[in-house]
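Beneath this line is the structure, given in structure tokens, with notes to follow.
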Amino acid sequence: MTAAVLYYFGLTYTRSWYAYFGVDARFLDLSASDYMVRSINGAFFPVVLAVLAVVGIVASQRVPIVAAARSRRPRRVLRMWAGGVAVAGIALGVAVVVGVAIRGSLPRTMSVGLPLMLLTSVGLIAYRLYLQSSYATLLRRGGGRRPPQPTPWVLILALLILGFLGTFWAVDSYAADRAERDARAAEERGFPGQPVAVIFSVDRLAVGGGGSKVDAITTPGEKYRFQYSGLLLLARSNDKYILIPHKWSAQHRDRVFVINTGDTLRIDLAPHP
């Protein structure tokens with residue numbers, strides 16, 4: 001499950017990051033291990049939060065029974081606690097349904113908020129089922145003995161499915177939002193992590209804009225006649241280089257260039273200064 005989540009995070013993050021620059025990540029022929037590696041940095045913080053949340057839930061699962069045992073009316077306290085948990089879970093679930101119906105008018109932060117609300121709703125309802133199964137005697141109203149209630153397998157299956165879908169929904173929304181923010185930050189800083197690229201070409205290329213420039217090479221006997229500078233390497237795939245001008249701007253709708261390698265051109269790379 002963890003590997004699947006990390007792979008999906010890396011896949012969504014990579015596609016969203018390159019999509020910010022107008023590049024389809026499927027064009028890069030990345031492998032599953034590439035997506036896994038790209039997910040590590042971005043997924044670290046949410047994974048830590050998820051682990052802490054699980055630890056906190058497990059550590060506090062006996063809090064209601066301890067609080068009820070210390071009160072004068074343990075049955076009433078436990079029933080109020082269980083009822084409050086059920087109401088909160090159902091209310092969050094209804095809020096998610098309403099939010100999905102009007103998601104076009106919601107603020108952007110709700111793209112991550114809605115799946116987190118769904119996961120919280122699933123967790124609360126599952127916790128209510130746990131209380132019901134663990135403390136059925138205390139939660140039962142009225143006297144006398146009653147036959148044990150059957151396990152609500154249909155509800156449990158529905159909660160598992162919703163939890164699975166909510167997890168990937170949250171991962172998808174967070175990864176896409178994180179990728180766009182990282183891409184925008186790279187643009188604002190001038191792409192400090194990308195190598196500098198210089199193209200030497202026999203023929204004139206349709207490369208320009210965003211701070212890139214072309215100079216004619218007039219040295220006698222030189223194979224290449226044009227030099228293109230002011231470019232950075234954004235990605236490489238097999239025999240293709242994807243280059244971006246060093247002053248590329250999303251606002252100005254600058255282009256990204258896909259350069260096929262061949263005998264008529266040469267691409268030199270150097271560390272970013």
Side-chain angles (χ1 to χ4, degrees), residues 7-44 108 172 174-273:
Y7 169 77
Y8 189 67
F9 183 98
L11 175 66
T12 304
Y13 179 92
T14 302
R15 289 185 174 182
S16 299
W17 194 88
Y18 282 108
Y20 182 82
F21 305 105
V23 178
D24 189 343
R26 292 174 296 182
F27 182 74
L28 304 178
D29 297 326
L30 297 175
S31 64
S33 59
D34 293 326
Y35 292 125
M36 293 282 286
V37 170
R38 290 169 181 268
S39 73
I40 294 176
N41 291 334
F44 178 78
R108 185 173 179 179
D172 181 84
Y174 176 79
D177 181 72
R178 175 66 185 269
E180 185 171 342
R181 286 188 285 115
D182 288 350
R184 187 180 298 111
E187 175 193 352
E188 294 172 353
R189 297 196 306 267
F191 308 98
Q194 307 304 128
V196 175
V198 179
I199 305 174
F200 297 92
S201 176
V202 173
D203 305 311
R204 181 176 289 274
L205 305 176
V207 173
S212 62
K213 65 177 183 177
V214 56
D215 296 309
I217 300 176
T218 58
T219 304
E222 179 64 35
K223 174 182 178 180
Y224 303 106
R225 310 307 301 170
F226 301 96
Q227 173 183 308
Y228 296 85
S229 57
L231 301 169
L232 302 172
L233 177 66
L234 189 65
R236 181 181 178 182
S237 174
N238 296 327
D239 59 344
K240 297 180 178 63
Y241 287 80
I242 301 178
L243 306 180
I244 187 170
H246 73 287
K247 293 183 179 180
W248 184 92
S249 172
Q251 182 179 2
H252 297 155
R253 303 179 66 86
D254 290 330
R255 295 180 299 165
V256 172
F257 308 106
V258 179
I259 307 298
N260 294 311
T261 58
D263 296 336
T264 60
L265 58 82
R266 187 185 83 207
I267 300 178
D268 293 350
L269 302 176
H272 196 287

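Quick note: residue numbers are just sequence positions, from 1.
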Could you check Tyr20 against Asp182 for side-chain contact (heavy atoms from CB on, under 4.5 Å), going step by step and ending with a plain yes or no?
CA-CA 10 Å; Tyr20 182 82; Asp182 288 350; over 6 Å; no
Out of the candidates Glu180, Glu187, Glu188, only one should pair with Arg184 under the salt bridge (Lys or Arg N to Asp or Glu O under 4.0 Å) rule; please name it.
Glu180
Rounded to the nearest 0.5 Å, how far does CD1 of Ile259 lie from CG of Leu233?
11.0 Å
Look at the aromatic rings of Phe226 and Tyr228 and report parallel, tilted or perpendicular, splitting at 30° and 60°.
tilted
Rounded to the nearest 0.5 Å, how far apart are CG of Leu11 and CZ of Arg26?
10.0 Å
Which class fits the ring pair Tyr35 and Tyr7: parallel under 30°, tilted 30 to 60°, perpendicular over 60°?
perpendicular
Going from OH on Tyr18 to CG on Asp24, what distance comes out if it is rounded to the nearest 0.5 angstrom?
12.0 Å
When you measure from the side chain of Thr261 to the backbone of Asp239, do you find a donor-acceptor pair of N or O atoms at a distance under 3.5 Å?
yes
Measuring from Arg181:CZ to Ser16:OG, what's the distance to the nearest 0.5 Å?
12.0 Å
Whether over 12 other heavy atoms sit under 6.0 Å from Lys213 NZ:
no
Output the distance between atom CZ (Arg15) and atom CG (Asp172), rounded to the nearest 0.5 Å.
10.5 Å
Nearest heavy atoms of Phe257 and Gly208, plus distance in Å
CZ-O, 3.2 Å
For side-chain contact (heavy atoms from CB on, under 4.5 Å), just list the numbers for Phe27 and Ile242, CA-CA rounded to whole Å, side-chain angles, deciding distance to a tenth of an Å, and then say yes or no.
CA-CA 10 Å; Phe27 182 74; Ile242 301 178; 3.9 Å; yes
Got more than 12 heavy atoms from elsewhere within 6.0 Å of NZ, Lys247?
no
Give a yes or no answer on whether the side chain of Ser212 reaches the backbone of Gly209 with a donor-acceptor pair at less than 3.5 Å.
yes
How long is the gap from CG on Leu234 to CH2 on Trp17, to the nearest 0.5 Å?
4.5 Å
Evaluate the side-chain contact (heavy atoms from CB on, under 4.5 Å) criterion for residues Leu243 and Ile199: first the C-alpha distance (whole Å), next the side-chain angles of each, then the deciding distance (0.1 Å), finally the verdict.
CA-CA 10 Å; Leu243 306 180; Ile199 305 174; 3.4 Å; yes
Any chance CG of Asp263 has more than 12 other-residue heavy atoms, nucleotides or ligands included, within less than 6.0 Å?
no
Out of Thr264, Asp268, Ile267, which residue meets the side chain to side chain contact (heavy atoms under 4.5 Å, CB included) rule with Phe200?
Asp268
Would you please test Trp248 and Leu232 for side-chain contact (heavy atoms from CB on, under 4.5 Å) and show each step?
CA-CA 10 Å; Trp248 184 92; Leu232 302 172; over 6 Å; no
Whether Asp254 side chain and Ser249 backbone form a donor-acceptor pair below 3.5 Å
yes
So, the side chain of Arg225 versus the backbone of Val202: is there a donor-acceptor pair under 3.5 Å, distance only?
no
Decide yes or no for Leu28 and Asp34: does some side-chain heavy atom of the first lie under 4.5 Å from some side-chain heavy atom of the second?
no
Would you say the side-chain atoms of Asp177 pair up with the backbone N or O of Tyr174, donor to acceptor, closer than 3.5 Å?
no
